[in-house]
Amino acid sequence: MPTVSVLPKIFRWVFTVFALLAVLGGLAICLVMVIDPKLPADTHFGPLNVDLLGQPGTVALRPTNGDADFTVTALRGSVTVFVERAGGLIELLKRYGLPLILIKMIFLAVLFDLLRRLFRNVGRGESFTRQNVNLVQIVGVSLLVFSLVSAFAEDWFVHALYAYVAQHSVVTISGTALHLPPAHGMRLPGGGFPFGTPIFFSGLLVLALSEVFRQGLALKNENDLTV
Amino acid sequence: MPIKLNLDRVMLEHHVSLTELADQVGITLANLSILKTNKARAIRFSTLEALCRVLQCQPGELLEFVPDGKSKD
């Protein structure tokens with residue numbers, strides 16, 4: 001039995017905790033989706049002083065005709081974003097944002113559980129086994145799949161959000177009101193091409209590592225049968 | 001595996017049991033069993049030397065090349 005350090009055990013417990021937190025987060029998201037809380041008609045707050053882009057700004061929510069208007073000022077009042085019917089924005093964030101977060105929670109739970117099992121085996125001194133080769137391959141494939149799924153999901157979310165904001169908001173810069181153009185054909189940040197993301201490259205790297213593990217397994221088996 | 005280890009025959013000639021041989025050679029019973037059943041992929045010179053010393057034989061008496069699986073036995 002080869003000597004093993006305490007590090008695999010530490011990582012095993014860290015990933016166990018992270019996996020549990022991800023599961024709890026996912027359950028909380030599901031609960032919110034089921035309860036489907038609505039923004040009360042008379043909800044208001046602010047103006048709250050916040051720090052936006054390193055400059056003082058304000059955020060305020062004002063009730064209007066059964067809904068609420070959302071106002072953000074930044075850069076010492078030079079830029080103002082006014083979003084009418086903030087209740088609709090909240091609904092949009094729930095409808096598009098919560099499933100996106102749920103997808104990420106599910107992926108993180110799966111990833112951390114795989115890593116927990118991997119480090120459990122490594123902690124036992126069983127590094128090069130068929131099970132570990134499979135675990136590393138699954139981690140790599142999961143990262144690739146997640147990079148693709150999240151790219152499309154985030155693109156879908158960002159476009160929906162932008163479409164709503166473009167339709168229901170006015171941006172005022174130094175007193176000049178600007179209306180955001182429609183989102184048709186616009187490339188927005190936060191989504192789109194998935195093949196250049198760090199997660200995608202990480203997936204490729206992990207798949208390459210699985211091949212290293214597979215070769216290590218062959219060497220170990222050869223060594224086990226060398227008397 | 002074309003290389004066979006004729007441990008059975010040599011052990012019988014020298015009246016040595018598997019347990020005794022494992023103790024004297026300094027390998028585990030499990031590893032000796034791997035050798036005896038020809039499941040080993042390779043053998044170290046140190047192990048071969050120990051076997052020859054204990055069984056008082058030459059490596060050629062233990063090792064046999066059988067290219068098509070036909071033994072001399």
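Chain naming here is simple, since letters A, B, ... match the order of the sequence lines and numbering starts at 1 in each. Computed over heavy atoms, backbone and side chain alike; hydrogens, waters and symmetry mates excluded.
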_Distance, nearest 0.5 Å, that separates CZ of R44(B) from OG1 of T226(A)_ = 6.0 Å
Show every donor-acceptor pair shorter than 3.5 Å between a side-chain atom in residues 21-36 of chain A and any protein atom, with sequence neighbours excluded, or say none if there are none.
unit_1 : atom_1 : unit_2 : atom_2 : d
D36(A) : OD1    : K94(A) : NZ     : 2.6
D36(A) : OD2    : K38(A) : NZ     : 3.1

*Among pairs that include at least one residue of residues 16-55 of chain B, which meet ring-ring contact (aromatic ring centres under 6.0 Å, His included), considering only residues two or more places apart or in two chains?*
none
*Which members of residues 214-223 of chain A, sorted by number, sit under 4.5 angstrom from chain B on a heavy-atom basis?*
E222(A), N223(A)
*When you look at CH2 of W13(A), are more than 12 heavy atoms from neighbouring residues, nucleotides or ligands closer to it than 6.0 Å?*
no
*Counting only heavy atoms not in R85(A), do more than 12 sit closer than 6.0 Å to its CZ atom?*
no
*Among L48(B), L35(B), L32(B), find the residue that satisfies the side-chain contact (heavy atoms from CB on, under 4.5 Å) test when tested with V227(A).*
L35(B)
Name every donor-acceptor pair, under 3.5 Å, that has one atom in a side chain of residues 15-31 of chain B and the other anywhere in the protein, sequence neighbours excluded.
unit_1 : atom_1 : unit_2 : atom_2 : d
S17(B) : OG     : E20(B) : N      : 3.2
E20(B) : OE1    : S17(B) : N      : 3.3
T28(B) : OG1    : N31(B) : N      : 3.1

